[in-house]
Amino acid sequence: MAAVVASFHFEGADQGTSIVDSSGKTWSITGAPVTQTQETWVGTSSGYFPGTGYLTHASHPDFQFGTGDFTIRGLVRCTDSTATVRHMFGNSFAAGGNSGYYLYWQQGVITFGYQTADLVYHQVNSAALGVLSIYNRYYIEITRADGVLTMRVNDTITASLDDVSGNVIGRDAPVYLGYSTSAYGSPFKGYMDEFQVIKGAAIHVTFAAALAGLPDSLAPDGPIVSASLQLTVIAAAMASASLTLHASIVPPGILAGTQSVCIGSGAAAIWTPVVRVAGTDVASQTISEIRVEAEENASRISEIVLRPPAGSTMYLPEWSGKTLTIDVADAATGSPRWPMRLFSGVVDTPTLDLASRTLSLSATNDLQGRCLAMTQAALTALIGGYYSAAVFDAAADGWAYAQDRLSTRTASIDISPQGALRVTPWEPKAVADIALDESLIYDGSLSISLSPRSALTNAVDVNFGYRFPRVKAEGHGVSFEAVNMTNFAQYNLESRAFLQRAQVEAAISAAGGTLMDIVYTPLPTVDVPVGTGFWSPGPYDDQLCMGFTATVSFDFAATIEEQHQIRVAAQNSIDVVGLRLEAMSGALVGEYPDLTAAETGIKLYKAAVTSIPPADVAATVLDKTTAAEVTLTPETNRDAANAAMETLIAIAKAKIWSSHRGNTITLTVPLMPAIDVDKTVSVAADGVTAKGKVRRVVHIMRPETGEAYSEVAIALCSVAGVGITHDETATAAPSGTVAGQTDLSLSPTVVFNSGPTEDNAITITFPAVAEAERNGTAIILPSTFDAPLVEDVFTVTIGS
Amino acid sequence: MAGEFGFYADSGLTAPLTSVQVVQASDGSSAAVERVVYLGSTLAGKKYQAASDPGSASIAVSVADSATGGGVQASHVKLASSQAGLAAATPSAAAVLGTQILSGAGNAVAFWMRVDTPALTAGEYADVSFSTNSLIELPV
């Protein structure tokens, strides 16, 4: 492999004695060749040989070129103008054909040579350039390439030998820089820089390149390629989440409501509240009353009063937003067990009473805020129901959106004591979750309040107006005969004019119609006797006619108005309490691009003026006015109108049911955590038998007095009595009008002034489009829907 | 700040959860309790991926029991990515929630748990927990 086997850049201090071979070889120095800075060609210094010193390297294969290519190159300025041979580089040349080589300067001529075994000298020199000056620097380059020995001085080939192929150049003997052997000359006197020996390759570079500095290694044979790879390290935060499952395993009676930690069995119950603020148990600080209130469609709220330890420091504002959980637990063993959650939420309002040194905390589970943070998609999935942007505010936020959807359902929403959002149907379960009887209900606490008749709604009239456009087409048939073969001769004798076909079409167009098709009765194609002569066909007869039959279309847009009069009613309730009517209304207008432009587009298309079909076009049917539906925007088309009506019907049904569940049973029982607004509770006490869904519950604990009780309000839907079935008509939008056809009652008239003194004009008059076809009166569309009610168990037996 | 990433009681990520409470009858008679929990972050412009192989490995919520052999056990819990999936879920198996969770309320990922304990001594048990695999928080 070719390589730079010696490379001297002569970089060093002025008069420095350290001369380095960058190829890594170590040369011995004889005499005083130095680096110096007075005359520099490349870098900051160059070499100076005083004529008495030189460098020596022991015999090395790198300098024995054999028969291969090589390069010896460098920058030199010899300062000896005498006949003295000044060796610049040599391989211990000695006569005898041993192939030792030499490179020397003598009287301005540079010579490189060697002697082969046949004692023939093979030399190249710079004589072609004349006498080289001792004041100039020269770039010398000796190369053997493919058997041709060449000398270049400052890029000029001064000599070449092409007979050196196969000659061994270089011998197993020391090499000298600045010398050869004493018998054949003297050490170099002068300056030297960028001196290199390359074995294995003939490398030519320019003088300018040499002045830029020669590389210490050869360029590879192939293209230089490289690749880079950016390492990007992202120092990413680690994330994880953990959640503990707190499972309270409690006696089954507590879950069923048949027992409570607050109900003693044989002895008074021993219970304790477990109150945690931001995870810290503060039950020991609670005084007065702990109150938890839950109600349908409302946030669960709680109020507690704490008396912080004397001397404690607090920062009031930071109490807002702290989590608050309240459990009630059995304390019979001295430690809380079987805790049942009553409340999970956050502190909303901390109030400090400095006089009593108490801190009152009002907390909420923020039902509205929870819904506000949810997407419409999440709320839709949770609540379901019906929705229409034509009925509700499309920009409604989470809570308003939730309420909109809930208004179409017979259900309520709340957040459980454990913090889960839930929707519970109003209809009680077939089997009550909790059964309350006299053994549990506080004496005298059971009361009934009935919904007054005035609060009932058993019918809702929903008026929904839907206005939208349709396109229509009147298909008129026009026939006219100016002349026939019976009166043809007389017609001509009277010098009457024949109809021009162009006239006919222009007359139709002038009347505003679109010609759909026309058949002309042509003039005779043979001579016809007229009087004493003949009428003969002419060259322009194809532009004339004796009559025509045409179909003409008149296209226009029409506005349709539907008035849906929908009654949603619970007839059985009406039968009992009489009609209690409410009204609701809604409207939607179908949006369509410019109707005038649409009419024009249809006309141009039917007249074949444009091949671009309009979005909507009515077919032209002879003697009929034909209507076609148009493509309205998705927000205002028939589907949107149907969705709006279905939403209104659902709202009406919910209104009716809601008004009928205003009956309430209230009672008080020992605190039962199992009672909640998602439960169905049955009551059998004081002659009252009822089963309904809990509408409201308030749990109250007074640790200081030992009181713990729940005030329960149960909603009952009752009007006609248990066993009465209130049928339901499925919620579906009533049918609207359809685009149909009507008969045309009037026909067009044709007047042709064919007389010899008349203007020969033809006038076709079409009947005007009836106003009723364009903007008809509102179409009343009545429909009825049965609203469902489920009668709850609710009977009262008056005791003796 | 990975602290905003965690379990929440709601899809709007307003109610962070560190524990889930369920109540079961000591005779094993009560119905299973099902609960939905949301996993997400309230930070803006973040995404969360499994640290083992971001973007490829799944994010999973797994069940662990720190006191095996008694009380409430991991086998009493089923996890699934949907409520409908609970029936077929393998008890104590992890719920796989995809390879990435974007931050923000609208991107919270829900998973369901079903707790159904057999007859157990009445008391409070807190040895079962749920946790995600190690995740990294990256900018979107």
Side-chain angles (χ1 to χ4, degrees), chain A residues 234-256 274 276 279 321 323 325 327 329-330 333 335-341 344-346 365-367 369-379 381-382 398 415-422 673-674, chain B residues 1-3 5-7 9-30 35-37 39 41 46 48 51 54 61 63-64 71-72 76-77 105-106 108 113 115 117 120-139:
Chain A
I234 299 174
M238 300 301 291
S240 64
S242 62
L243 192 65
T244 303
L245 176 66
H246 280 274
S248 272
I249 308 300
V250 303
I254 292 179
L255 282 179
V274 181
R276 289 192 172 91
T323 59
T325 60
D327 300 339
D330 176 89
T333 62
S335 298
R337 63 175 183 173
W338 311 332
M340 296 280 285
R341 181 62 49 88
S344 298
V346 295
N365 65 6
D366 198 14
L367 174 64
R370 182 79 69 86
C371 291
L372 199 62
M374 294 173 68
T375 62
Q376 285 194 352
L379 288 168
L382 174 70
I415 298 176
S416 73
Q418 291 78 20
L421 198 60
R422 62 189 179 189
Chain B
M1 292 180 286
F5 178 83
F7 294 109
D10 61 323
S11 63
L13 305 183
T14 65
L17 283 179
T18 56
S19 67
V20 174
Q21 190 201 48
V22 299
V23 181
Q24 293 274 275
S26 58
D27 63 356
S29 63
S30 54
R35 219 31 84 71
V36 61
V37 178
L39 183 61
S41 168
K46 301 294 183 184
Y48 298 86
V61 175
V63 191
V72 177
H76 301 152
V77 179
M113 65 175 69
V115 181
T117 60
L120 290 172
T121 302
E124 191 169 1
Y125 299 83
D127 50 301
V128 172
S129 61
F130 310 93
S131 61
T132 64
N133 47 339
S134 288
L135 309 178
I136 55 172
E137 177 186 282
L138 297 169

If you measure from OG1 on B/T117 to CD1 on A/I249, what distance do you get to the nearest 0.5 Å? 4.0 Å
Please state whether the side chain, the backbone, both or neither of B/A51 comes within less than 4.5 Å of a heavy atom of chain A. side chain
What is the minimum heavy-atom distance between B/A105 and A/A373, and which atoms define it? CB-O, 4.1 Å
What are the two closest heavy atoms between A/R341 and B/Q21, and how far apart are they? CB-OE1, 2.7 Å
Of the backbone (N, CA, C, O) and the side chain (C-beta and beyond), which part of B/V115 lies under 4.5 Å from a heavy atom of chain A, both, or neither? side chain
Could you state the interatomic distance from CG (A/D327) to CD (B/E124), rounded to the nearest 0.5 Å? 7.5 Å
With a 4.5 angstrom heavy-atom cut-off, which part of B/V72 approaches chain A: side chain, backbone, both or neither? side chain
Given a strict heavy-atom distance threshold of 4.5 Å, which part of A/A247 is in contact with chain B: side chain, backbone, both, or neither? both
Is A/S242 reaching over with its side chain to a backbone N or O of B/S131, donor-acceptor style, under 3.5 angstrom? no
Against chain A, label B/L39 side chain, backbone, both or neither, depending on which of its atoms sit under 4.5 Å from a heavy atom there. side chain
In terms of heavy-atom contacts, A/R370 and B/A9 come closest through NH1-O, 3.9 Å
Contact origin within B/S134 toward chain A - heavy atom pairs under 4.5 Å: both
d(B/R35 CZ, A/L243 CG) to nearest 0.5 Å is 10.5 Å
For B/G12 and A/M374 the tightest heavy-atom approach is N-CG, 4.1 Å
Distance, nearest 0.5 Å, that separates OG1 of B/T18 from NE2 of A/H246: 7.0 Å
Restricting to non-hydrogen atoms, name the atom on B/D27 and the atom on A/P252 that form the minimum distance, rounded to 0.1 Å. OD2-CG, 3.3 Å
Using a cut-off of under 4.5 Å for heavy-atom pairs, which of B/G123, B/S129, B/P16 has the most such pairs with chain A? B/G123
Against chain A, label B/V37 side chain, backbone, both or neither, depending on which of its atoms sit under 4.5 Å from a heavy atom there. side chain
Separation of B/S19 OG from A/L245 CG (nearest 0.5 Å): 9.0 Å
Is B/V61 close to chain A through its backbone or its side chain, or both, or neither, when contacts mean heavy atoms under 4.5 Å? neither
